[in-house]
Amino acid sequence: MKETTVIVAGAGPCGVTISASLNLQSIPHIVLERDDIFCPMWTKFSYDRLHLHLAKGFCELAHMPFPKSYPTYVPRKLFVQYLEEYMTRFNVKPTYNRSIESATYDKAAGKWFVKTRNPKTDEIEEYCSRFFVVATGETTDPFVPEIKGMETFTGQILHSTQYRTGKPFTNKSVLVVGCGNSGMELAYDLTLFNAKTSIVVRHPIYIITRWMGYIALVLFPRLPFALVDALVALMSRLWFGDMSKYGIEKPTEGPYERKEKYGRFPIIDVGTAAKIKSGEIQVLPGISCINGDEVLFTNGKSYHYDVIVMADGIQNIGQ
């Protein structure tokens, strides 16, 4: 059994930052990461055109600001480079391929006992510490909804975490299932490579711009939450107009009220709204079933597709 002062579960940006802070205080610790690389959501499972949706000043890690040369909205490649430099500077060294099977606290001993499994070798290891920090983030595993007839689809099905660029899908008919930030951005990316793109939007959503999101973050510490929420809702309505004519309904709650209640972030537009308005991206309701390459929707219409991209997100912790 390996013993230390602190065990940190997860080597995402949060876990990496905690490790750096502990190193600066010379506190012994172990960072356990189930994947084989740090920050896997950024290093392994993100599409090429991804940028931080928030201005860099809101996203930098503790003890090390972003370089001044970085753009306001940092692209994936530069963010990964920043993370690599951060880990080197603060000597962050996660232990990889350690999936935590159990973590129990022994009151008599005043210690945490953690059991891990190596997903590659199936080897079991045990750790012990005074403190246990959960830094696994809000989300973990790709979520794929159950759709009747999915197994009959004759084309390609992939999850958004497997998507890198729209280049392989040029001139193909592609359906994006899911209208979160990833789904909307992938739909936009596909149009840049001349894919015939549709997106499933089943629920009302809020669409805002980057600058609206920036204003909200600046105002939240200074003004009442409800006032800022209402202001962003008004700006969204004035900027994008009535999107219901294109198949996108507006929620009854404000954009950040929805985030507080349901964990649903407003969509930060990167150009998708304009593509929807121009007809380059077709908005469709929920899926009833799939039959071969044909997808039948809840409005009774059906279309044929070469590719389906599942962008219904990443499963929340605890689900």
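Note that the structure is predicted; figures quoted are calculated from it, not measured. Atom set for the values below is all heavy atoms of this structure, side chains included, hydrogens, waters and symmetry mates excluded.
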With S198, which residues qualify under side chain to side chain donor-acceptor pair (under 3.5 Å), at least two apart?
Q282, Y305

Looking at [X], I want to see if its [atom1] is surrounded by more than 12 non-hydrogen atoms of other residues, nucleotides or ligands under 6.0 Å.
X	atom1	value
W239	CH2	no
K277	NZ	yes
E151	CD	yes
K111	NZ	no
R164	CZ	yes
K44	NZ	yes

Does a side-chain heavy-atom distance below 4.5 Å link [X] with [Y]?
X	Y	result
F297	V295	yes
Y47	R76	no
L175	V307	no
P94	M87	yes
R237	L234	yes
M310	P145	yes
T17	F90	no
M1	E125	no

Lys/Arg-Asp/Glu bridge criterion (N-O < 4.0 Å) met for [X], [Y]:
X	Y	result
E85	R89	no
D312	R202	yes
R117	E101	yes
E185	R49	yes

Parallel, tilted or perpendicular for W112 and Y105, by the 30°/60° rule?
tilted

Quick one: do I100 and V114 satisfy side-chain contact (heavy atoms from CB on, under 4.5 Å)? Show the steps, please.
CA-CA 7 Å; I100 295 177; V114 177; 3.9 Å; yes

Evaluation steps, salt bridge (charged side-chain N to carboxylate O under 4.0 Å, His left out), between K261 and E257
CA-CA 6 Å; K261 285 184 175 180; E257 182 184 358; 3.0 Å; yes

Which distance, rounded to the nearest 0.5 Å, do you find between the [atom1] of [X] and the [atom2] of [Y]?
X	Y	atom1	atom2	answer
I157	T154	CD1	OG1	9.5 Å
Y246	S278	OH	OG	9.5 Å
K196	N171	NZ	CG	6.5 Å
I215	R210	CD1	CZ	14.5 Å
C179	I199	SG	CD1	6.0 Å
L296	S302	CG	OG	6.0 Å

Walk me through whether Y256 and F220 qualify under ring-ring contact (aromatic ring centres under 6.0 Å, His included).
CA-CA 10 Å; Y256 290 95; F220 273 130; 5.1 Å; yes

Is the backbone N or O of E33 less than 3.5 Å from a side-chain atom of N97, with the two atoms forming a donor-acceptor pair by type?
no

Is it the case that the side chain of Q162 and the backbone of H159 share a donor-acceptor pair, with hydrogens and angles ignored and the cut-off at 3.5 Å?
yes

Is a side-chain donor-acceptor pair under 3.5 Å present for D269 with Y188?
no

Distance-only side-chain donor-acceptor flag, H29 / S19, under 3.5 Å
yes

Among pairs that include at least one residue of residues 63-73, which meet side-chain hydrogen bond (donor to acceptor under 3.5 Å, both in side chains), considering only residues two or more places apart or in two chains?
S21-H63

Taking the six-membered ring for Trp and the full ring for Phe, Tyr or His, determine whether the centres of F66 and Y82 are under 6.0 Å apart.
yes

Linking I/L/V/M/F/W/Y whenever their side-chain heavy atoms sit closer than 4.5 Å, directly or via other members, would I267 and L50 fall into one cluster?
yes

Nearest non-hydrogen partners of A195 and V174, listed with the distance:
CB-CG2, 4.2 Å

